[in-house]
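Heavy-atom basis, side chains included; hydrogens, waters and symmetry copies ignored. A quick note: this is a predicted structure, and the numbers were derived from the prediction, not measured.
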Amino acid sequence: MSGKRRPNVSPEAPVSRFYEVSNSERLRDLCGPHHRYLHRLEAKLKDYGLRAESQGGGILLAGTAEGVSIAEAALAELERRMRSGAEISDLDLDGAIEAAMTPQQSFGGLKGLKKPIVPQTKGQARYIDLLANSDNSMIFGVGPAGTGKTFLAVAAGVAELMAGVRQRLIVTRPAVEAGEKLGFLPGTLEEKVDPYMLPIWDSLRELMGQEQMERRMARGEIEVAPIAFMRGRTLKNAFIIVDEAQNTTVAQMKMVLTRLGRDSRMVITGDPGQVDLPGHQASGLRHALDILSDVDGISVHRLTAADVVRHGLVSRIIDAYEAAGEGNPPA
């Protein structure tokens with residue numbers, strides 16, 4: 001698979017082409033507030049000498065032939081996302097440019113969800129390709145915060161559940177940082193655990209809606225529980241997600257990995273650089289990556305700061321910590 005296109009080092013005669021837009025409202029949305037998206041498009045493709053200007057009925061693109069072609073493809077992808085109902089942001093434009101610069105890469109989203117899911121980066125696209133392939137029975141998705149590793153895994157699980165490919169969606173994670181010591185918290189066990197599962201509930205609501213989520217929970221098709229609840233079980237015909245796996249112990253990780261039953265898939269997500277285990281306990285995720293990465297049937301996908309889709313400052317913060325030796329240790 002080839003990487004991004006690079007600007008041609010030899011000088012090119014500038015070209016200009018007019019990108020037509022069907023209506024004035026769509027043109028306004030493509031340009032963004034105060035033409036912010038056009039300015040961003042120019043900045044991202046400055047090596048191609050791109051200039052983008054809104055004119056009646058469309059956008060005039062000027063620059064090298066390759067730059068103009070990339071800009072046209074990016075605008076077309078952005079329009080496609082708008083038609084699918086997605087709310088457009090700077091991140092969507094960045095993803096559209098990434099897709100246009102890497103035409104060989106699949107950027108197809110997951111189907112059948114309430115919210116259209118489209119990868120924003122090349123790393124996310126490869127991750128979704130792994131998640132969408134049911135032949136991949138066990139996938140490790142690791143990387144820093146904000147790369148979408150958990151949300152995309154939940155989206156893949158919801159898509160399989162909605163399509164009837166799996167009978168259940170099971171999401172499990174360490175309940176607290178210090179080895180699931182819940183006794184000091186007030187309330188019932190469910191009340192103690194629930195705050196630690198809020199990110200999962202939020203993702204499920206976004207992907208399938210509150211009513212659908214509650215109905216499938218009542219039927220036992222969706223289960224969100226701490227890792228301790230997995231012990232002694234065999235999880236058949238299920239899509240299983242082990243989230244925040246860096247905070248499992250080695251014993252917990254071995255236990256949960258061996259719960260995989262017939263016709264099931266498992267995705268393990270986590271950030272090896274954010275281990276919160278007390279003392280000198282070894283991270284089950286780091287240990288598993290060390291000993292399982294070459295095991296046949298197990299896929300490992302590593303997301304990086306380049307795949308962060310939160311505020312642009314987050315990527316720079318991650319880079320700064322890595323430069324100071326505080327980033328993800330090598331697995």
Review point. Do Arg302 and Leu289 pass the side chain to side chain contact (heavy atoms under 4.5 Å, CB included) test, and can you show the C-alpha distance, the side-chain angles, and the key distance before you say yes or no?
Key: CA-CA 11 Å; Arg302 300 181 187 277; Leu289 291 171; 4.2 Å; yes

Check your understanding: Would a 4.5 Å heavy-atom cut-off, applied to side chains only, mark Ile170 and Phe229 as touching?
Key -> no

Point to revise | Shortest non-hydrogen contact from Gly261 toward Thr234 | key: CA-CG2, 3.9 Å

Practice item. Could you check if a side-chain atom of Ile70 sits within less than 4.5 angstrom of a side-chain atom of Leu50, using non-hydrogen atoms only? Key: no

Check your understanding: Would a hydrophobic clustering, with Ile, Leu, Val, Met, Phe, Trp and Tyr connected at side-chain separations under 4.5 Å, put Val250 with Ile298?
Key -> no

Exercise for review: Verify the neighbour count for atom CG of Asn23: are there more than 12 heavy atoms of other residues, nucleotides or ligands below 6.0 Å?
Suggested key: yes

Point to revise | Minimum-distance pair of heavy atoms, taken over all atoms of Leu113 and Ala159 | key: CD2-N, 3.7 Å

Practice item. Return yes if some donor-acceptor pair links the side-chain N/O of Gln246 with the main-chain N/O of Asp271 below 3.5 Å, else return no. Key: yes

**Study point:** Polar side chain donor-acceptor pair, Arg17 to Ser69, under 3.5 angstrom
**Key:** yes

Practice item. Kindly write out the residues that satisfy ring pair (Phe, Tyr, Trp, His ring centres under 6.0 Å) with Tyr37, not counting sequence neighbours, or none if the list is empty. Key: none

Point to revise | Atom of Ser203, atom of Phe151 and distance for their closest heavy-atom approach | key: OG-CD1, 3.6 Å

Check your understanding: What's the verdict on side chain to side chain contact (heavy atoms under 4.5 Å, CB included) for Leu257 and Ile268, showing C-alpha distance, side-chain angles and the deciding distance?
Key -> CA-CA 9 Å; Leu257 293 181; Ile268 303 95; 3.7 Å; yes

Exercise for review: Mind running side chain to side chain contact (heavy atoms under 4.5 Å, CB included) on Tyr127 and Thr147 for me, showing each step along the way?
Suggested key: CA-CA 11 Å; Tyr127 186 40; Thr147 52; over 6 Å; no

Practice item. State the CZ-NZ distance between Arg51 and Lys46, to the nearest 0.5 angstrom. Key: 11.0 Å

Review point. What residues form a side-chain contact (heavy atoms from CB on, under 4.5 Å) with Thr249, not counting sequence neighbours?
Key: Ala251, Gln252, Leu277, Gln281

Check your understanding: Going by the salt bridge (Lys or Arg N to Asp or Glu O under 4.0 Å) test, which pairs reach into residues 147-157, not counting sequence neighbours?
Key -> none

Revision key, fill the gap. Here the side-chain hydrogen bond (donor to acceptor under 3.5 Å, both in side chains) pairs for residues 163-172, sequence neighbours left out, are Glu160-Arg166

Review point. Are Val165 and Ile139 in one and the same hydrophobic cluster, where Ile, Leu, Val, Met, Phe, Trp and Tyr link if side-chain heavy atoms are under 4.5 Å apart?
Key: no

Check your understanding: Backbone N or O of Arg233 within a donor-acceptor pair of the Arg259 side chain at under 3.5 Å?
Key -> yes

Check your understanding: At what distance, to the nearest 0.5 angstrom, does CD1 of Ile240 lie from CE of Met138?
Key -> 8.0 Å

**Study point:** Thr304 OG1 to Lys122 NZ distance, which is reported to the nearest 0.5 Å
**Key:** 10.0 Å

Practice item. Examine distances only and state if a side-chain atom of Asn136 and a backbone atom of Leu130 form a donor-acceptor pair shorter than 3.5 Å. Key: yes

Indicate every side-chain donor-acceptor pair of residues 88-97 with a distance under 3.5 Å to a residue at least two apart or in another chain.
{"unit_1": "Ser89", "atom_1": "OG", "unit_2": "Leu91", "atom_2": "N", "d": "3.3"}
{"unit_1": "Ser89", "atom_1": "OG", "unit_2": "Asp92", "atom_2": "OD2", "d": "3.1"}
{"unit_1": "Asp90", "atom_1": "OD1", "unit_2": "Arg36", "atom_2": "NE", "d": "3.2"}
{"unit_1": "Asp92", "atom_1": "OD1", "unit_2": "Gln120", "atom_2": "NE2", "d": "3.4"}
{"unit_1": "Asp92", "atom_1": "OD2", "unit_2": "Ser89", "atom_2": "N", "d": "2.9"}
{"unit_1": "Asp94", "atom_1": "OD1", "unit_2": "Arg40", "atom_2": "NE", "d": "2.8"}
{"unit_1": "Asp94", "atom_1": "OD2", "unit_2": "Arg40", "atom_2": "NH2", "d": "2.8"}

Revision key, fill the gap. CG of Leu285 to CD of Gln274, rounded to nearest 0.5 Å, is 12.0 Å

Exercise for review: State which residues pass salt bridge (Lys or Arg N to Asp or Glu O under 4.0 Å) with Arg219; sequence neighbours excluded, sorted by chain then number.
Suggested key: Glu221

**Study point:** Side chain to side chain, Phe140 and Leu292, heavy atoms closer than 4.5 Å
**Key:** yes

Review point. How far does CG of Leu27 sit from CD of Glu79, to the nearest 0.5 angstrom?
Key: 9.0 Å

Exercise for review: Search all heavy atoms of Ser54 against all heavy atoms of Leu38 and return the closest pair with its distance.
Suggested key: N-CD1, 3.8 Å

Check your understanding: Can you tell if the side chain of Glu244 reaches within under 4.5 Å of the side chain of Pro199, non-hydrogen atoms only?
Key -> no

Point to revise | Step-by-step side chain to side chain contact (heavy atoms under 4.5 Å, CB included) determination, Met230 to Glu223 | key: CA-CA 11 Å; Met230 301 297 111; Glu223 178 182 351; 3.8 Å; yes

Check your understanding: Can you check whether Val275's main-chain N or O pairs, donor with acceptor, with Ser283's side chain at less than 3.5 Å?
Key -> no

Check your understanding: Just how far is it from atom CG of Leu152 to atom CD1 of Ile117, taken to the nearest 0.5 Å?
Key -> 7.0 Å

Review point. By side-chain contact (heavy atoms from CB on, under 4.5 Å), which residues pair with Glu20, not counting sequence neighbours?
Key: Phe18

Practice item. State which residues pass side chain to side chain donor-acceptor pair (under 3.5 Å) with Glu206; sequence neighbours excluded, sorted by chain then number. Key: Lys115

Exercise for review: Mind checking side chain to side chain donor-acceptor pair (under 3.5 Å) for Thr269 and listing every partner two or more places apart, or none if nothing turns up?
Suggested key: Thr150, Asp243

**Study point:** With Gln212 via side chain to side chain donor-acceptor pair (under 3.5 Å) - residues at least two apart
**Key:** Arg216

Study note, to complete from the structure: His287 meets the ring pair (Phe, Tyr, Trp, His ring centres under 6.0 Å) criterion, sequence neighbours left out, with none

Exercise for review: Identify whether the distance between the nearest side-chain nitrogen and carboxylate oxygen of Asp202 and Arg205 falls below 4.0 Å.
Suggested key: yes

Exercise for review: Please check if the side chain of Asn247 supplies one atom and the backbone of Asp276 the other of a donor-acceptor pair under 3.5 Å.
Suggested key: yes

Review point. Looking at side-chain heavy atoms only, is the closest gap between Leu204 and Val224 below 4.5 Å?
Key: yes

Practice item. Quick one: closest heavy-atom pair of Pro144 and Leu303, and the distance? Key: CD-O, 3.4 Å

Review point. Are any non-hydrogen side-chain atoms of Leu41 and Ile59 less than 4.5 angstrom apart?
Key: no

Review point. Taking Arg265 for the side chain and Leu131 for the main chain, is one N or O donor matched with an acceptor at less than 3.5 Å?
Key: yes

Check your understanding: Looking at residues at least two apart in the chain, or sitting in another chain, which of them share a side chain to side chain donor-acceptor pair (under 3.5 Å) with Gln124?
Key -> none

Exercise for review: Quick one: closest heavy-atom pair of Ala156 and Phe239, and the distance?
Suggested key: CB-CZ, 3.9 Å

Check your understanding: Do Gln55 and Glu53 have side-chain heavy atoms sitting under 4.5 Å apart?
Key -> yes

Practice item. Say whether, by atom type as modelled, one donor and one acceptor occur between the side chain of Ser264 and the main chain of Leu260 under 3.5 angstrom. Key: no

Check your understanding: Heavy atoms, side chains only, cut-off 4.5 Å: are Met213 and Lys114 in contact?
Key -> no

